[in-house]
Structure formats: structure tokens, C-alpha cells
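Sequential numbering from 1 along the given sequence is applied to the chain's residues.
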Amino acid sequence: MAIKSTREAAVAAIMERAAVDPSVAVVSPDAVLAGRLVPFKEAYPDRLFEVGIAEQCAVDVAAGLATTGMTPVVVGYAGFITMRACEMIRTFIAYPGLNVKLIGLNGGMLGGEREGVTHQFHEDVGIMRAMPGVAVLTPADAGQARAAAAAMFDVAGPVYLRLGSGREPEVFPDGTPYAYGKIREVKRYGDDVAIFASGFIMDRAIAALEALHAKGVEATLVDVSTVKPLDSAGVAEVLRRTGCAVAVEDHNYYGGLSSAICEAACHYHPCRVVRLGLRDAYPRSGVAAALLDAYGLGVDDIVRGAEQAMS
């Protein structure tokens, strides 16, 4: 399976938009290298604002730029943006509904082998889901990250886009459709159980779907690339067909995708939903594949979760 960078893909989309929209700017809290922003800096040096290691300042600068009609994009590590600058996002961006886009790097365990536990983040989706008026996007690979980054500019108001380490498996072919605010059925063998997956463990969800098929379990795999606003109608329709589901995410299972799926199930079609994610734990650092296996996000774990949902 090919490995491609979601960071480079998102920057490519930002540069495409900047070429036709002079309002697009980037604010960097010492993230030019980490965010793969060198091409943007070289092409638009007057539209890249480097504030140093100061995420709160970066968010405030972005808010100020937005009040002048600019469309600023803050690029930095996911946890440092959503936690260190949480109050600034709430008060100066979300509360007034300013048109600021936030890109968080190193979401999940994929960054654990390179930068350690302080730089792998599992709370960011839950934090931003709780922020009124902020959309939350969790694309599955580089192609979807590029599409999501392009789509976020057409969303009025603040958007949070979660990216990974820059070394994500490519799971969908080029040209795969992307629709903001909608779920997408990746593959449907049948309606025995639904697998809802979000983010950069989609390759494992796909492998689990095939493993279930080999065992005679005909499942449906659903990509939830917009966690907020959730496509509740789409989720409910899948749950009506299957009657049970497993939700898989590289995130603390409080507040993230699985919480969103359970909320939709409670409102629209009560049924059994098995949740797979970090069970209120801080993972250790290490090789990403080994970490995912160690913390219950392996292919076999997803298969067992689907079987448990059906039992």
C-alpha cells in the first residue's frame, strides 16, 4: 500500500485556492517545516505570517485577519492548537463565527514513533466537536485530505481539519468522491453489520470488512469524513438496514466519532453500537502499527467488534 502525505496534500489544495483567491493566508506557529508550508512561503511570502511557537498568538492573529476580510488558515500541531489555544478559538473565532480554518497535525497515534507522546493527540476531535459553530473534518488519506482542504474554503465560518503524521496509507484511488457533510459507503457486501470509520485507520477498516466477508459476514463500510456536522440522516439510514454497528477511530472514544454515531443512533434508530478507540487512556509512543494493535485498533479487534455488535 502506497504511503502519501496528508500534509503535502492539504497544502497543495491551499495553494490552489490562494492562486485564485488573494484573501487566503497562512498563519504558522513555527510550523512551516512540519506543515510542509515551504512551497506556500515561497509562492506567497507576503501571505504567510510566522508567529513562532505561540499557538494562542497564531489564533488571535488569524482572528484579526478574518475581521479584515482575509481567509486565514492556521497550521500547527493538533493538540497545541486545540488545547493551548482552546479559549482563543472559542472566544475570538467560534463565538463571532469568523472565517478561520484550523489544520491540526499529528492527530492520533501515527506520530508516536517520531515525536513521542507529547506530540500525538487523541482529544482534538472531541474538543472541537464541543465548540459551537466549528465544523470538524477527518479525511482518510492524502487524496481525501486534499479534497477536504479544498472544500473547507467553501464552508462559511470556522473549520477544523485533522491531519496525521504525513505518512498515511493511501486507501482510495485518485478521483474518489468527497462531499462535505456527507457519509460515503466505501463498500457494501450486505447489511449484517455496519462499520463506521474515520481518519487514517481506514486501511484497517477495509481489511476488517474483507476478513468478515471471508467468514460469511456481509458488512457495510462507511467513511465518516465529516464528524461535525454529522450526516445523521445518512447514518440513520445505514443503521436501519443493519440494526447494529461498530465505530472505529484513532481517538479517545469520548467525544469523537463513536460518540457521534451513538448520539445519532439514540436519536434516530436505537441499536447496538460497539465503540473502538482509546478507552480513556494515553498511549505510549512507538511504531504506529504496533501502537494501534496494542490499543485495540487492530484488524482482528474490528472484526471482533463487528461480531460483538451482531451477537
Problem set entry | Nearest-0.5 Å distance that lies between atom CG in L161 and atom CE in M128 | 11.5 Å

Problem set entry | Nearest-0.5 Å distance, NE2 of residue H269 to SG of residue C244 | 9.5 Å

Exercise. Between F121 and H251, does the ring centroid distance fall short of 6.0 Å?
Worked result: no

Exercise. If you measure from the Lys or Arg side-chain nitrogens to the Asp or Glu carboxylate oxygens, is any gap between K41 and E50 under 4.0 Å?
Worked result: no

Exercise. Roughly how far apart are L291 CG and L297 CG, rounded to 0.5 Å?
Worked result: 10.5 Å

Exercise. Any idea which heavy atoms bring G256 and R129 closest together, and the distance?
Worked result: O-NH1, 3.6 Å

For this session: Could you tell me whether the side chains of K187 and Y189 share a donor-acceptor contact shorter than 3.5 Å?
Result: yes

Seminar exercise, completed: In terms of heavy-atom contacts, S23 and R47 come closest through N-NH1, 4.3 Å

For this session: Would you kindly check if the NZ (Lys) or CZ (Arg) of R184 is within the cone defined by 45 degrees around the ring axis of F172 and under 6.0 Å from the six-membered ring centre?
Result: yes

Exercise. Strictly by modelled atom types, are S198 and E249 linked by a side-chain donor-acceptor pair under 3.5 Å?
Worked result: no

For this session: Would you sort out whether Y160 and D124 count as a side-chain hydrogen bond (donor to acceptor under 3.5 Å, both in side chains), showing the intermediate values?
Result: CA-CA 9 Å; Y160 176 69; D124 55 319; 2.7 Å; yes

Exercise. Taking R36 for the side chain and A34 for the main chain, is one N or O donor matched with an acceptor at less than 3.5 Å?
Worked result: yes

Problem set entry | Closest approach of L239 to F196 (non-hydrogen atoms, all atoms of both residues) | CD2-CE1, 3.8 Å

Problem set entry | Presence of salt bridge, D293 and R204, under 4.0 angstrom | yes

Problem set entry | Salt-bridge contact E185-R241 (side-chain N to carboxylate O under 4.0 Å) | yes

Problem set entry | N/O donor-acceptor pair under 3.5 Å between S258 side chain and R275 backbone | no

Exercise. Tell me the ring pair (Phe, Tyr, Trp, His ring centres under 6.0 Å) pairs involving residues 8-65, sequence neighbours left out?
Worked result: F40-Y44

Problem set entry | Value rounded to 0.5 Å, distance of CZ in F153 from CD1 in I14 | 5.0 Å

For this session: Determine yes or no for a side-chain-to-main-chain donor-acceptor pair under 3.5 angstrom, with Y295 supplying the side chain and R284 the backbone.
Result: yes

For this session: For the residue pair T6 and R146, confirm or rule out a side-chain donor-acceptor distance under 3.5 Å.
Result: no

Problem set entry | N/O donor-acceptor pair under 3.5 Å between T138 side chain and V224 backbone | yes

For this session: Using modelled atom types only, decide if a donor and an acceptor are shared between the side chain of D60 and the backbone of C57 within a distance under 3.5 Å.
Result: no

For this session: Keeping the roles fixed (side chain from K101, backbone from V155), state whether a donor-acceptor pair exists under 3.5 Å.
Result: yes

Seminar exercise, completed: Note: V26 and L37 closest approach over all heavy atoms is CG1-CD1, 3.9 Å

Seminar exercise, completed: dist I183:CD1 -> D231:CG (nearest 0.5 Å) comes out at 5.0 Å

For this session: Measure across I81 and E55 and return the closest heavy-atom pair with its distance rounded to 0.1 Å.
Result: N-CG, 4.1 Å

Exercise. What is the minimum heavy-atom distance between A62 and V74, and which atoms define it?
Worked result: CB-CG2, 3.5 Å

For this session: Assess whether salt bridge (charged side-chain N to carboxylate O under 4.0 Å, His left out) is satisfied between D154 and R17, documenting all intermediate values.
Result: CA-CA 10 Å; D154 297 323; R17 185 68 174 223; 3.1 Å; yes

Exercise. How far apart are the C-alpha atoms of N106 and R162, what are their side-chain angles, what is the distance that settles it, and do they pass the side-chain hydrogen bond (donor to acceptor under 3.5 Å, both in side chains) test?
Worked result: CA-CA 8 Å; N106 262 31; R162 189 191 212 213; over 6 Å; no

Exercise. How many angstroms lie between CD in Q56 and CD1 in I89, if you round to the nearest 0.5 Å?
Worked result: 10.0 Å

